[in-house]
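Only heavy atoms go into these numbers, but all of them, side chains included; no hydrogens, no water, no symmetry mates. Quick note on labels: first sequence line is chain A, next is B, and so on, each numbered from 1.
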Amino acid sequence: MGLLDRLDNPFEGGGIILGKVEDLLNWGRSKSDWYLHFGLACCAIEFMAANASHFDFMRFGTIPRPSPRQADFIIVSGTVTMKMAERVIRLYEQMAEPKYVLSMGSCANSGGPYWEHGYHVLKGVDRIIPVDVYIPGCPPRPEAFFEGMVKLQKKINEQQIFNKRKRLEEEDKKLSA
Amino acid sequence: MNTQEIFEVLKEKFGDTILEVTGEAPSDLSINVVTEKIADVCLFLRDTEIMNFDYLSCLSGMDYKDSLGVVYHLYSTINHQTVVLKVKTNRENPSVPTVERIWKTANWHEREAYDMYGIQFAGHPNMIRILTCYDWEGWPLRKDYKTPEAYHGIKVPY
Ligand code: SF4
């Protein structure tokens with residue numbers, strides 16, 4: 001990302017950096033994501049491994065939050081049953097914008113091993129909430145999980161945050177035209 | 001005591017309510033019991049000195065297509081022996097006396113059998129679903145179960 005590179009090679013004039021405020025804000029946002037971990041099945045065990053000292057998930061600047069109201073993104077790791085699906089929607093709706101969803105493992109992506117005969121399993125969490133990053137695997141290794149995290153940071157970094165309403169209006173106009 | 005000997009003792013005590021021993025010797029034997037008497041038989045098995053079946057290892061529902069059933073796996077931690085009991089009940093209005101008062105662990109097992117097969121356990125203090133949603137329709141482990149199209153507006157099939 002731009003800002004850090006510029007710190008290594010700042011413009012002349014005593015460490016003054018020229019950049020966009022948007023970049024600065026996005027840099028801050030992407031490097032301090034707080035997450036709500038919604039562990040539902042075996043994938044949650046793999047996530048615990050990713051969180052422990054060997055792999056150290058927190059080096060991404062993430063901090064686990066017990067409440068959706070304090071979280072920037074939610075990690076849905078595991079089998080989403082029909083019973084849990086309604087709780088997932090509820091938790092997602094309680095999160096404050098901007099919010100992101102990381103779907104971890106085949107189960108959360110598409111129903112996984114239960115795709116055909118699982119009468120009780122939601123076939124993909126994207127049927128109820130919008131997913132930003134899908135991490136494949138059953139379960140994904142921590143390395144795969146981190147790739148997903150890097151993808152999420154990239155997505156946050158590339159987002160425009162100013163004039164959102166104006167931009168959306170323009171997009172709407174283009175679509176309706 | 002093996003299953004055959006337990007069967008003899010039960011036969012002497014309960015007469016015609018103990019039906020037969022089925023399965024293959026030596027390990028797969030089970031004793032079929034008349035459904036209405038299962039709680040009495042279980043109490044006898046738990047409290048009689050030579051039996052001492054103080055632990056219900058497993059209680060499971062069954063679907064035999066023409067009827068439903070319940071299987072009880074008992075274990076004695078004192079005599080280190082096991083026995084399997086089986087009862088049958090009809091499909092339309094399945095009901096089996098509860099053994100919850102004999103082994104507390106039967107509480108959740110019976111709720112599971114109810115949840116998956118729709119077998120009512122008469123006398124159970126809390127006969128509600130345990131795994132699926134409380135308003136789920138149908139009995140998932142019955143052989144004629146069809147996966148629902150939607151649940152609360154969420155599509156179920158892939
Ligand atoms: S994707 Fe595999 S490991 Fe993950 S919750 Fe599903 S079955 Fe378990």
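Every pair passing side chain to side chain donor-acceptor pair (under 3.5 Å) that includes a residue from residues 51-62 of chain B is listed here, sequence neighbours excluded: Asp54(B)-Thr77(B). Among residue pairs with one or both ends in residues 64-88 of chain B, none qualify as salt bridge (Lys or Arg N to Asp or Glu O under 4.0 Å); sequence neighbours excluded. Applying the salt bridge (Lys or Arg N to Asp or Glu O under 4.0 Å) test to every pair with at least one member in residues 10-25 of chain B, sequence neighbours left out, gives no pairs at all.
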Across chain A and chain B, going purely by atom type as modelled, what donor-acceptor pairs are there at a distance under 3.5 Å?
from	atom 1	to	atom 2	distance (Å)
Leu131(B)	O	Lys83(A)	NZ	3.3
Thr132(B)	O	Lys83(A)	NZ	3.4
His152(B)	ND1	Glu86(A)	OE2	2.5
Lys155(B)	O	Arg127(A)	NH1	3.1
Val156(B)	O	Lys123(A)	NZ	2.9
Pro157(B)	O	Arg127(A)	NH1	3.1
Pro157(B)	O	Arg127(A)	NH2	3.4

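Between chain A and the residues Leu131(B), Val156(B), Ile154(B), the largest count of heavy-atom pairs under 4.5 Å involves Val156(B).
Tyr75(B) and Val9(B) fall into different hydrophobic clusters, defined by Ile, Leu, Val, Met, Phe, Trp and Tyr side-chain heavy atoms under 4.5 Å apart, directly or through other members. Ile75(A) and Ile128(A) fall into different hydrophobic clusters, defined by Ile, Leu, Val, Met, Phe, Trp and Tyr side-chain heavy atoms under 4.5 Å apart, directly or through other members. Hydrophobic clustering (side-chain heavy atoms under 4.5 Å, transitive across Ile, Leu, Val, Met, Phe, Trp, Tyr) keeps Ile128(B) apart from Phe121(B).
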